[in-house]
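Data first, discussion second: the structure below is written as structure tokens.
Per chain, numbering begins at 1; letters A, B, ... match sequence-line order.
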Number of protein chains: 2
Amino acid sequence: MATIQDVAKAAGVSAMTVSNVMNGHPNVRPATRERVLEAMDRLGYRVNVAARNLRKGRTGTIGLAVPEINRPYYGRLAAAIIAAAGRHGLRVSIEQTGASRESELAALSQSRNRLYDGLILSTVGMGPADVGALDVDHPVVILGERIFGGPVDHVAMPNEAAAEAATRHLVERGCRRIAVVCGRLGGEADVSSLRYAGYLRALAAAGLPADPELVVTAASLTMQEAARGVRERTARGLGFDGVFCVTDTVAMGVLRALADAGIRVPEQVKVVGFDNVDESAYLVPSLTTVDPDHDLMAERAVALLAARIDRGGPGREEFAGPFRLVVRESTGG
Amino acid sequence: MATIQDVAKAAGVSAMTVSNVMNGHPNVRPATRERVLEAMDRLGYRVNVAARNLRKGRTGTIGLAVPEINRPYYGRLAAAIIAAAGRHGLRVSIEQTGASRESELAALSQSRNRLYDGLILSTVGMGPADVGALDVDHPVVILGERIFGGPVDHVAMPNEAAAEAATRHLVERGCRRIAVVCGRLGGEADVSSLRYAGYLRALAAAGLPADPELVVTAASLTMQEAARGVRERTARGLGFDGVFCVTDTVAMGVLRALADAGIRVPEQVKVVGFDNVDESAYLVPSLTTVDPDHDLMAERAVALLAARIDRGGPGREEFAGPFRLVVRESTGG
DNA sequence: TTGTAGGCGTTATCAC
DNA sequence: GTGATAACGCCTACAA
């Protein structure tokens, strides 16, 4: 494999000049540039990224830590982040945390390993008690939730407001006993708790009581758990006429369980999801859901991280994306 | 950031000894090891990956190039590959090709850029004419299809056999006019063409004619295109009683279009997919589909690549995974 | 068992 | 406008 020295020799210049040509520096005479380019081409020269990284103290790669890439929401997010990173000249290395607190903390310390220039972390397992772990000296952006007081940048979903709007939509469509399907409620600033809070707010605003009977738990927010939870609930009789699901994935499990029980959507029960993953428009019935503008959030997250990489120092910026409700068949079109 | 030298100084040894401790080399006196570990800990030492890479000529990262990570099948695959790579001590950097021939070729030449130790490439846009491009001097494993004669390792789906089995299943369930929804048929060794061939074989074996009217094209295999194709077809009257979809994603679009047309599945039309993505079990109706054992394929692909990275030289191994048909509601349970 | 020397390929600095 | 020099931090010889 040809090195910069080989090219320099072949072109009759110094390595420095070759470097300057490569990096588009000014002050290279056109004729020289030509000779160098020709030599590079002839030798099939490729820059050695490891050497460049060592010299520059950068790797050109950022890490993206998500619970599992194989879930529609994280897939959607990853796609947007890879695209956004590409626009910033960065590559993306993906790590799966399995939504466990330990793996999320491990991802944070990996980033200290200087594997990546920075890390975008989707926290699910970590809680406020782990804020201290965020105090690392490398660029980190938390994506998804708000961990109050953390010394890092955040790109947050409009969790509460959007959950409230989604639930209000059910109220407006005539629902009076609205169930919610969410993960474990620790009272912390995780997806489930924040969206649950929005759900409660909408109920209160509508003067509806909050019945603990209507809270269905799907601990790790999988289709399977959601379906099981709803089956258990309907086995005791249909005690609700609307369901707010904290994610679209959960909603898919819910729709399936309702179909199993022979309950018609939206006639008997109306369902709302959250995320607007690609599949939600194609489900039968198609799913009414919250669209949080993934592309914008991804772009902001990468932009924040890139800025932090360039400028250094800790950040505390917060960005909460916009959202809109996409009304489809599951709430009556 | 502390370097190996700093640690050496702090522990009163040479850098070499620190290196030996780090890499678990034998011949380090326990007491010395202790002193070194203590110093590393005290200084918060982290190895500089760039320097190690430069020295070793390795990056510890492999590339995974897929059309779009935001599709259930590729998400599933990526999850399995990241997990498998982790077991081999490798990280995974993901690149999205958008299924275009140009981007796939670019991914191949990127790998020559020595960004990664090796590349796993899911070819969709490239054809046999591009076999030459595979003749790179870096480890590459092609995942998904067979490009005959390429000088690289392949991990292939059992495309033809599985497609034939899926179609035969429709025949066995009583279907006589079986449509197929696939991408453009170039007669090359891509997913659509191979699975289409399997479909044809099953028809022939059953003594059924192959009617061009029954070939629905969804050029890039999206839900949208599949739905549109089926809508156009049903608008001219329901001319089929079974559909073989070349992917589950396509099947989701098909199920949606059939629902729009008021056609009942499986009573009027039976549907089979391919991939067994997580969602397929939760659709309404749940989807009968081919399960190709993604985890095994991912493991094999990573193992082949890892072996190639270690041993060097070009490879020509072919591995075709096993498959099984998962029968669900869309063909009558 | 531990230390010394040297170089992996690149680029920043500063001469010329 | 171009080139010599010196790192960047680590690891593989080889020497002690």
Side-chain angles (χ1 to χ4, degrees), chain A residues 1-40 43-61 89 112-117 137-138 309-310 312, chain B residues 1-40 43-61 89 112-117 138 310 312:
Chain A
M1 179 65 70
T3 76
I4 206 173
Q5 305 286 351
D6 301 332
V7 177
K9 209 168 295 172
V13 298
S14 79
M16 208 42 239
T17 302
V18 178
S19 174
N20 284 333
V21 169
M22 262 198 299
N23 297 288
H25 284 209
N27 299 346
V28 177
R29 198 179 303 166
T32 313
R33 153 169 287 115
E34 278 318 308
R35 278 214 319 287
V36 169
L37 287 174
E38 185 274 332
M40 289 192 353
L43 298 177
Y45 170 78
R46 305 284 152 176
V47 15
N48 181 322
V49 185
R52 173 178 285 175
N53 286 344
L54 174 59
R55 185 59 238 229
K56 293 201 156 182
R58 295 264 176 97
T59 68
T61 297
R112 243 192 290 145
N113 278 5
R114 311 157 115 246
L115 271 174
Y116 316 126
D117 292 343
D137 52 355
H138 291 264
I309 291 169
D310 285 344
Chain B
M1 179 63 70
T3 76
I4 208 173
Q5 305 287 351
D6 302 332
V7 176
K9 209 168 295 170
V13 298
S14 79
M16 202 43 238
T17 303
V18 178
S19 175
N20 283 335
V21 168
M22 264 197 297
N23 298 291
H25 282 211
N27 299 346
V28 177
R29 196 179 304 165
T32 313
R33 155 169 285 115
E34 278 317 309
R35 278 215 318 286
V36 169
L37 287 175
E38 186 275 331
M40 289 191 356
L43 297 177
Y45 170 78
R46 306 283 151 176
V47 338
N48 181 323
V49 185
R52 174 180 285 176
N53 286 345
L54 175 57
R55 186 62 239 254
K56 293 200 157 183
R58 294 258 178 101
T59 68
T61 298
R112 243 191 293 144
N113 279 5
R114 312 159 113 246
L115 271 175
Y116 316 125
D117 292 343
H138 291 263
D310 285 344

### Contact check, side chains of A/Thr32 and A/Val13, non-hydrogen atoms, under 4.5 Å
yes
### Query
Any N or O donor-acceptor pair linking the side chain of A/Arg52 to the base of C/dT10 at under 3.5 Å?
no
### Task
Tell me whether the OP1 or OP2 atom of C/dT2 has a side-chain N or O from B/Thr32 closer than 4.0 Å.
yes
#### Entry: Student check: side-chain heavy atoms of B/His138 and A/Met1 closer than 4.5 Å
yes
### Message
Reading DNA chain D from 5' onward, which residue's closest nucleotide shows up sooner: B/His25 or B/Ala50?
### Response
B/Ala50
### Message
Whole angstroms only, please: what is the CD1-P distance between A/Ile4 and C/dT10?
### Response
5 Å
### Message
Any side-chain N or O of B/Thr3 below 4.0 angstrom from OP1/OP2 of D/dG9?
### Response
no
### Most 5' of A/Ala51 and B/Asn27 on DNA chain C, judged by nearest nucleotide
B/Asn27
### Length of the CG-P vector between A/Asn20 and C/dC14, whole Å
15 Å
### Query
Roughly, in whole Å, what's the span from CZ in B/Arg35 to C1' in C/dT2?
11 Å
### Task
Using the side-chain contact (heavy atoms from CB on, under 4.5 Å) rule, pick out the option among B/Val47, B/Val7, B/Ile4 that qualifies with B/Met40.
B/Val7
### Message
Students often get this wrong, so: under 4.0 angstrom with heavy atoms, is B/Asn23 touching a base, only sugar-phosphate, or nothing?
### Response
sugar-phosphate
### Message
Using the side-chain heavy atoms of B/Met16, tell me which of these nucleotides is nearest: C/dT11, C/dT10, C/dT4.
### Response
C/dT4
#### Entry: Pair A/Lys56 + A/Asp117: basic N to acidic O under 4.0 Å
no
### Any B/Ser19 side-chain nitrogen or oxygen under 4.0 Å from OP1 or OP2 of D/dC11
yes
### Task
Examine the base of C/dA12 for any acceptor or donor lying under 3.5 Å from a partner atom in the side chain of A/Arg55, and report the outcome as yes or no.
no
## Note on the structure
Between CE of A/Met22 and P of C/dG9 the distance, given in whole Å, is 13 Å
### Task
Please round to the nearest 0.5 Å and tell me the distance separating atom CE of A/Met22 and atom OG1 of A/Thr17.
11.0 Å
### Task
Take the protein atom CD of A/Glu34 and the nucleotide atom P of D/dT2, then report the distance between them rounded to whole Å.
13 Å
### Message
Can you tell me which nucleotide in C/dA12, C/dT2, D/dG9 comes closest to the side chain of B/Thr17?
### Response
C/dT2
### Query
Roughly how many Å is it from NZ in B/Lys56 to P in D/dT12, rounded to a whole number?
6 Å
### Message
In this structure, how many angstroms lie between the P atom of C/dT11 and the CG atom of A/Leu54, rounded?
### Response
11 Å
### Protein-nucleotide distance (A/Asp6, atom CG; C/dT10, atom P), rounded to Å
9 Å
